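Just so it is clear: chains get the letters A, B, ... in the order the sequence lines come, proteins before strands, and each one is counted from 1. Quick caveat, the model's predicted, so the values are computed rather than measured.
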Amino acid sequence: MDNRTRPVKIAALGMEKRTYSTLQLFFNDHCKDSYVLVEENSADISIIDMDGFQACRMLEEHKKQYPDQPSILISLSHDKAHDAVYIRKPIMLDALSSALLKAKERLQQPVTETPAAEEIVQKPEQQTTDKKPKAAAPLLLNNVTPPPQETVRRAKTGAKRFDQYRYSANFLTEDADLEHIDTRLAANFNPDNPLQAAEFQYQSEQTLQGYFQQAYFTALQKQQNVVLKGVWRPITILYKSKQLRVEKNFRHLYALSGMLFDKSEVSIELLDNDADCEPGLNETVLPAEPFLWKLAMRTSRGRVPMDTNFTAPIKLIRWPNFTRIIVTPHALRIAALWAKQPTSLMNTASYLAIPLQHVFMFYTAAVSLNFVAPAITEKDQTTATTPPVKRHRYRKIFQHLLARLRNN
Amino acid sequence: MTNYKIIFTGPVGAGKTTAISSISDRPPVSTDKVASDMTRDMKKTTTVACDYGTVRLNDDDCLHLYGTPGQQRFDFMWDILVSGGIGLVLLLDNTRPDPFQDMTFFLGQFQDFIDQTQVAVGVTQMDRKSSPCIDDYHSHLNKQGLTIPVFDVDARKRHDVSLLIKALLFSLDPGLLENND
């Protein structure tokens, strides 16, 4: 096979199994045989996740063994070292495509030339020069069982828009759990700095979370079942039981949490309440609250919806049902504090001595379900200005009890 | 040795004995007797004095778990049991005809104690009867100006009972460190 037509062999190192599979899907379905995943020893290029355990050591060893092999490093931080191409998480598809092209160029360079480290900057307005492979939204849509023809058409339109606006597909971190949030990023966060503030905010209205939220509360308010349509298979919200009817393979929906969808791609339709609510053969029924909670948590990834006031006091309207949802880090403490005394996001992190992003994540999940709200009454404002809660006289004993509850 | 106690209360059949069993270090001392009143329609035995379990905290400290008898005719014991308690766990049975009435009743009975400490509410039997839902409980509580933890709880599951107690502890002191979560 001609070198120009043979697929470039890529080794994916230090990645979780599911991330690896996602990358495989991307190459198989969207790069039209341009790239193929192989073992490290037969690869032309390597993609290395630098946030994994012992990633630095792995990189050193890899460089020793394959000094001429171009590498693409992906990481939450942006330390530049080595003659590698860097992409900062969350990954944007066009950035990944550009990185692959850069690495490919390096592959064709003479070995004597040592290229410098280079970061692929991911900005919303960034213009891509890369046309092939076509990197667009449908990567995540491949997890969906084949949708009807009309939906396919919509998905393709959505992909163009997606490409046009350079939305963050976030796909390489789709399986990342809470531990992957780099809490150091907000260590010196200043809410008065608009640039920093923007970095920790996102357009929730245009995410699946935002649309689902809108559909869910429409159903509750109108006391009518609602169907949410988009590039995903229809999600039916059953207002009476506060459940949703969704395809069995619903987990891929969480993977869509990093994407933005234009309004024209999504529809919320009221349904006749007498219509059949029984799940179809490939469908299942889920409780809506835990679904929205998790979706918001995944979408947040340590950020808050746009226009969130970082310094206004927040109060708890109702406790989340923690036995049936994911307990985000420090969620119980934050809930208890806000129930006792309205507190701003900034002060919450400071009073409880916890990472700001954990406060942001809890806030985003809680606000998506209206469990929290800005403290606006006079009484709230008074309590919000009081000093932080006092240490309980039995704190030491409580600490022992918490330890026992965990250990047994 | 210093002793501390948490009180479990709620109507007959709400799962107080089971919840204490779920987290006690040793099989709880139970004073269940064969039910002779209308309770026998709900379960074979019922607690007539109290349930008692323990959680050893360290060499010097022990937490005592007390379950109150469910029937109102034993309410004279409630004041005795709560004396010196650090908090209240209220368990409600969702299959009862009016669980909101139960909630209002027990919150009223223990109001003085709750004012001095905190309360966490566990709703049991939701797998058998899903309505009213947790949101409905909150609506009732919000009308009374209360924002307290209310969780769907399976009293047999240690995870659920533990979370309820954790919520109680953090309500008492949000500044507690969560290094054990």
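More than 12 heavy atoms of other shown residues, nucleotides or ligands fall within 6.0 angstrom of atom NZ in B:K129.
Across all non-hydrogen atoms, the minimal contact from B:P174 to A:R333 is O-NE, 3.2 Å. In terms of heavy atoms, B:L172 sits closest to A:H392 at O-CD2, 3.7 Å. Shortest non-hydrogen contact noted between B:L177 and A:L402 is O-CD1, 3.7 Å. Taking both residues in full, the closest heavy atoms of B:F151 and A:P320 are given as CE2-O, 3.2 Å, listed atom of the first, atom of the second, then distance.
Only the side chain of A:Y394 has a heavy atom closer than 4.5 Å to any heavy atom of chain B. Of the atoms belonging to B:D160, heavy atoms from both backbone and side chain fall under 4.5 Å from chain A. Only the backbone of B:I148 comes within contact range of chain A, with heavy atoms under 4.5 Å apart. With a threshold of 4.5 angstrom between heavy atoms, B:S130 does not approach chain A through any atom at all. Interface residue A:K242: only side-chain heavy atoms are found under 4.5 Å from chain B. Contacts of A:I317 with chain B are made by both backbone and side-chain atoms, with heavy-atom separations under 4.5 Å. A:L352 touches chain B through its side chain: at least one heavy atom from C-beta onward sits under 4.5 Å away, while N, CA, C and O do not. With a 4.5 Å cut-off on non-hydrogen atoms, B:L168 does not touch chain A at all.
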Is there a side chain to side chain contact (heavy atoms under 4.5 Å, CB included) between B:I6 and A:L401 once you walk through the steps? CA-CA 11 Å; B:I6 289 179; A:L401 179 54; 4.1 Å; yes
Test side chain to side chain contact (heavy atoms under 4.5 Å, CB included) on B:L169 and A:L332; report intermediate values, then the result. CA-CA 10 Å; B:L169 295 178; A:L332 288 158; over 6 Å; no
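Judged by distance alone, the side chain of B:D173 and the main-chain N or O of A:R395 form no donor-acceptor pair under 3.5 Å. Formation of a donor-acceptor pair under 3.5 Å by the A:R404 side chain with backbone atoms of B:R56 is found in this model.
A salt bridge (charged side-chain N to carboxylate O under 4.0 Å, His left out) check over residues 141-152 of chain B, counting only residues at least two apart or in different chains, returns the pairs A:R324-B:D152.
Between chain A and the residues B:D135, B:I134, B:T147, B:L176, the largest count of heavy-atom pairs under 4.5 Å involves B:L176.
Taken from CZ in A:R318 to OG in B:S139, the straight-line distance is 8.5 Å, to the nearest 0.5 Å. The line from CE of B:M126 to OG1 of A:T323 is 9.0 Å long, rounded to the nearest 0.5 Å. Rounding to the nearest 0.5 Å places CG of A:L405 at 9.0 Å from CG of B:L163.
Looking at B:F170 and A:F398, their side chains never come closer than 4.5 Å, going by heavy atoms from C-beta outward.
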